[in-house]
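Notes follow the structure.
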2 protein chains.
Amino acid sequence: MTSPSGTRPSAARQRDADRTRAEILEVAQRVFARDGYAGARVDEIADLTRTTKRMIYYYFGSKEQLYIAVLEKAYTEVRTVERTVDVAHLAPTAAIRTLAELTFDHHDAHREFIKLVAIENIHRGEHIRKSEVLANLGTPVLDLITRILEAGRVSGEFDTEADAIDVHMMISAFCVFRVANQHTFGALFGREMTAPQHRAKQRRMLGEMIVSYLRGS
Amino acid sequence: MTSPSGTRPSAARQRDADRTRAEILEVAQRVFARDGYAGARVDEIADLTRTTKRMIYYYFGSKEQLYIAVLEKAYTEVRTVERTVDVAHLAPTAAIRTLAELTFDHHDAHREFIKLVAIENIHRGEHIRKSEVLANLGTPVLDLITRILEAGRVSGEFDTEADAIDVHMMISAFCVFRVANQHTFGALFGREMTAPQHRAKQRRMLGEMIVSYLRGS
DNA sequence: TATAACTAACTCACTGGTTCGTACATTTGG
DNA sequence: CCAAATGTACGAACCAGTGAGTTAGTTATA
């Protein structure tokens with residue numbers, strides 16, 4: 001995983017396992033996200049790095065394990081950012097709207113990640129299931145939403161049967177769909193969902209949608 | 001496409017172009033939806049039909065053209081059903097809720113179609129763009145929503161900046177997400193979104209979400 | 001009505017290029 | 001000098017696509 005303990009990495013090492021691994025992962029993420037698992041070529045990934053195919057097998061063992069490593073890296077990065085969101089000091093309505101909008105921004109900025117998720121779903125989550133790293137990665141967001149919902153019910157701002165997972169799903173669905181399905185949607189309805197000129201309105205709509213729903217009737 | 005004009009197809013024909021074509025398409029849809037475009041094997045598709053690989057090339061020319069044919073068939077079927085939805089006699093609020101719920105049911109019942117769409121998006125809509133058949137397939141739904149929104153604004157039931165495409169996107173996002181992302185979502189949050197016991201609640205939530213949003217503040 | 005001529009539908013066997021993975025030799029850093 | 005890291009070259013399986021020939025079914029003709 002990392003350098004053997006006790007080594008201080010010099011700036012210009014010719015041989016640097018960590019750097020090589022990192023570069024492979026980075027390139028692999030790009031290629032897998034672009035071509036899918038079956039469509040990606042190990043030879044191409046190798047050609048796009050400063051190293052060789054041999055090193056991919058040296059470090060990752062197989063195409064599949066490389067793909068799993070890419071998934072783990074991408075998910076971990078994304079969730080790490082998510083964890084830094086601080087909306088605890090806001091009133092429930094403002095808090096959930098802010099969370100929704102930050103989630104929107106986040107997905108808008110991590111399109112490659114969304115593609116990886118879509119690819120993994122096409123494979124029925126076969127690979128993600130093999131990784132223990134990713135098992136309990138979702139709970140922080142859920143805890144946050146649970147607290148917001150609870151506060152909103154107490155204050156009377158919210159009136160809903162939805163639980164934290166439901167709310168997270170509503171938000172994710174909106175944020176993921178406009179990126180993940182942009183091409184077929186664009187082909188059928190002639191609107192580039194992810195074009196910059198629609199961003200602000202969509203962001204507003206999402207916040208409004210969630211808040212309206214939670215307020216109830 | 002069809003039998004030469006003037007022939008009446010007998011019940012037990014050994015050679016039947018239409019039947020062969022249809023069987024190839026059916027099997028191909030299953031395999032493409034299961035394995036993706038690159039992951040699907042022409043040989044496997046052939047083995048799952050009563051015909052041979054040679055016939056696939058005889059009728060469809062290439063793997064890609066077969067895939068496009070599958071897409072066209074799937075989209076056309078789905079939109080045909082969509083067109084039969086009749087909510088014109090309902091009041092705006094009831095109409096949009098019914099449309100949302102019927103869309104929900106529809107997506108719930110056509111999971112293979114959703115997978116094909118996801119696959120096509122991974123390929124950035126390259127293939128769907130090549131098909132003129134699918135170019136103006138979206139307009140009927142849009143017309144319907146436009147009319148409902150218009151009526152709702154007139155009656156004062158709706159107060160929203162969203163247009164028909166926005167509303168259709170909101171509905172689709174919810175309906176597609178819970179099917180398309182069920183595996184990664186399940187792995188991360190431990191809830192089988194598409195399990196029958198959650199269906200009714202989710203359906204209700206969608207309708208409520210759309211109606212609440214359109215009502216405004 | 002019998003059959004010859006014709007064409008669409010179909011089978012079989014094959015190929016050339018690709019692609020994952022590896023054996024083995026070599027180099028580098030500590 | 002040793003182990004980790006790297007380069008080269010290759011093999012075996014796979015896989016999209018095809019060349020060439022065959023059979024079923026239809027239509028024209030006697």
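The side chain of B/Tyr57 places no N or O atom within less than 4.0 Å of a non-bridging phosphate oxygen (OP1 or OP2) of D/dT18. Residue B/Thr51 places at least one side-chain N or O closer than 4.0 Å to OP1 or OP2 of C/dT11.
In this structure, the nucleotide among D/dT8, C/dA9, D/dG17 sitting nearest to the side chain of B/Tyr59 is C/dA9. Checking D/dT8, C/dC20, C/dT11 against every side-chain atom of B/Thr52, the shortest atom distance belongs to C/dT11. Listed nucleotides: D/dA5, C/dA9, D/dG17. Nearest to the side chain of A/Tyr58: D/dA5.
In this model, no donor atom of one side chain and acceptor atom of the other lie less than 3.5 Å apart for B/Thr184 and A/Glu120.
As judged by a 4.0 angstrom heavy-atom cut-off over every strand, A/Ala46 is placed among residues making no nucleic acid contact. At the heavy-atom level, A/Ala38 lies nowhere under 4.0 Å from the strands shown. Across all strands, A/Arg54 comes closer than 4.0 Å to base atoms (heavy-atom distances).
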Intermediate values then yes/no, ring pair (Phe, Tyr, Trp, His ring centres under 6.0 Å), B/His127 and B/Tyr37: CA-CA 11 Å; B/His127 309 102; B/Tyr37 177 72; 5.3 Å; yes

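Taking atom CG on B/Asp18 and atom C1' on C/dC10, their separation rounds to 15 Å, with Å as the unit. B/Met55 has its CE atom 16 Å from the P atom of D/dG17, to the nearest Å. Spacing between atom CZ of B/Phe60 and atom C1' of D/dG17 amounts to 16 Å, rounded to whole angstrom units.
Around CD of A/Glu126, the count of heavy atoms belonging to other residues, nucleotides or ligands within 6.0 Å exceeds 12.
No salt bridge links A/Arg41 with A/Asp35; every basic N to acidic carboxylate O contact stays at or beyond 4.0 Å.
Toward the 5' end of DNA chain C, the nearer of the two residues B/Thr20 and A/Arg41, judged by each one's closest nucleotide, is B/Thr20.
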